[in-house]
Each structure stands twice: as structure tokens, then as C-alpha cells.
Amino acid sequence: MPRLADHDLRRRQIAEAVWRLAARGGLEQVTLRQVAAEAGVSVRLLQYYFGTRDQMLLGALEILNADAEATAKERLAALGPDPGLRAVVRGVVLEMLPLDEERRSRHTVYAAYFVRFLTEPALAAVARDAPPALTALLTELLTHSVARGEAEARIDAGAEAALLLAAADGLQYRVLLGQLPAAEAVALLDRQLDRIFTSGS
């Protein structure tokens, strides 16, 4: 078990170095040598844990996604034992906004990966998997909300889920670029939720 823990810690150390370099200047010029220096390890050790540069970038992204999922679950659990479906939907959508340093750093790294999402099949597959999974989750939550009388019966749950995620995605970049204060982005999403959910839900 200690050997496995050490292995995971070393992979995380290298992944965090990738994230820091990505956040500072994108990924296009990030090399194995730069990541090794940033992580304080040898290139040979880095290759032992990740292999090629592309495998390293993919592995760092997978660790980032796993961290994001775990943190989101913790925040949703903190809402309490029965927060109501609107609060859960809101919590899921707000994970897409850079509302604190952890989320700002994560979304900055995602932005650095964006060009590679467009051009590299392995990374593109990871990027493609997340939106359908989130859309399915929100669709399910909104469908339950309608069934429980918490959301308007007239809504199309799938369409509303897709629109909420698209809105959050666009607002994310506006907040990152300093074009919109985070509080205003949250207020805009809350207006959308007001339109979906019945009063008092």
C-alpha cells in the first residue's frame, strides 16, 4: 500500500507541475524537461510515471478531472441532507464558474488545454465525455424536479440542462477574462433557475 501511495503522490506532483506551467503560459511550449524541472524530478523519472509528453498531458488532465469531481461532491454534500433539487442543480452549475482560487486555477488550466482538445484525439475524447455526462445529470435532476413539483411542468428538461451548461460555460470565460464579476455571473444563472423552478422550491 505505501508503494502505491508513493506512486500516486509522485504522479500528482508531476501533474501539479503541468498545471502550473499550463496556467502560466499555455501548453504549446511545455516540454518534458520543463515539467521535470518544475516538479523537481528527473526527466527519466517523469517518463517512468507518465511515458511520453502526450501521455503526461493526458494523465495530468485525468487527475485534474478526478479532483474536480471529488471537490464538487464535497460541496454538494455540504448543502445538507435534503437541500432541495434547485440547490443541487445550482451547485452543479456553479462548479463551472471560477468562484474561488481552486476553481479559477482549474478552469485556467482547462483553457490552456483548449487548443489541444481541438487537435488531439486522446485529449478530445476526454473533453467530449464531460458535457454529455453533465447534461445527463442535470436532465435527470430537472426531470425529478418536475415530478416533485419543484420545477415548471412545461419545461423540456434536456433542453434546459443543455442551456444551463452552455450559459455557465460562456460565463466562465467572461469571468476568467475579467469581463464580468463572478457575482454577476452567479446572478445571471440564478435568473435562469428562477425561470425553471417554481417559487418556493
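- Salt-bridge annotation for Arg174 and Asp169: absent, with no side-chain N of the basic residue lying under 4.0 Å from a carboxylate O of the acidic one.
- Ion pair Lys73/Glu95 not flagged as a salt bridge, since none of the NZ, NE, NH1 or NH2 atoms sits closer than 4.0 Å to an Asp/Glu carboxylate oxygen.
- Of the N and O atoms on the side chains of Tyr49 and Asp8, not one donor lies less than 3.5 Å from an acceptor on the other residue.
- Considering only heavy atoms from C-beta on, Tyr113 stays 4.5 Å or farther from Leu64 through its side chain.
- No more than 12 heavy atoms of other residues, nucleotides or ligands lie within 6.0 Å of CZ in Phe114, so this atom counts as exposed by the packing criterion.
- Contact check on Glu16 versus Arg11 returns no salt bridge, with no Lys/Arg side-chain nitrogen under 4.0 Å from an Asp/Glu carboxylate oxygen.
- A heavy-atom distance below 4.5 Å is not found between the side chains of Val93 and Leu193.
- One finds no salt bridge joining Arg106 and Asp67 here, because no Lys/Arg side-chain nitrogen approaches an Asp/Glu carboxylate oxygen to under 4.0 Å.
- Shortest non-hydrogen contact noted between Leu142 and Ala157 is CD1-O, 3.6 Å.
- Taking the six-membered ring where tryptophan is involved, the planes of Tyr48 and His7 are perpendicular, since the angle between them exceeds 60° and thus also 30°.
- Across every non-hydrogen atom of Arg53 and Leu32, the tightest pair is CA-CD2, 3.8 Å.
- The side-chain heavy atoms of Val175 and Arg104, taken from C-beta on, include a pair separated by under 4.5 Å.
- Annotation: side chain of Leu189 is not in contact with side chain of Arg90 (no heavy-atom distance under 4.5 Å).
- In this structure, the side chains of Gln192 and Leu188 stay at 4.5 Å or more apart for every pair of heavy atoms.
- Classification of Asp194 and Arg191 as a salt-bridged pair fails, no side-chain N sitting under 4.0 Å from a carboxylate O.
- Arg24 places a side-chain heavy atom less than 4.5 Å from the side chain of Glu38.
- Residues Phe117 and Leu61 are in side-chain contact: their nearest non-hydrogen atoms beyond the backbone lie under 4.5 Å apart.
- When hydrophobic clusters are built by joining Ile, Leu, Val, Met, Phe, Trp and Tyr residues whose side-chain heavy atoms come closer than 4.5 Å, directly or via intermediates, Leu176 is not grouped with Val115.
- At a threshold of 4.5 Å between side-chain heavy atoms, the hydrophobic network of Ile, Leu, Val, Met, Phe, Trp and Tyr places Leu141 and Leu79 in one connected group.
- Between Glu152 and Arg195 there is no salt bridge, since no side-chain N of the basic residue sits under 4.0 Å from a carboxylate O of the acidic one.
- If you take CD1 on Ile155 and OG on Ser145, they are separated by 7.0 Å, rounding to the nearest 0.5 Å.
- In this model, no donor atom of one side chain and acceptor atom of the other lie less than 3.5 Å apart for Gln47 and Arg44.
- A single hydrophobic cluster is seen to contain both Val35 and Leu45, as judged by linkage of ILVMFWY side chains at heavy-atom distances under 4.5 Å, directly or through other members.
- Taking each heavy atom of Ala22 and Leu27 in turn, the nearest pair found is CB-CD2, 3.6 Å.
- Here the closest heavy-atom approach between residue Arg86 and residue Asp190 is recorded as NH2-O, 3.6 Å.
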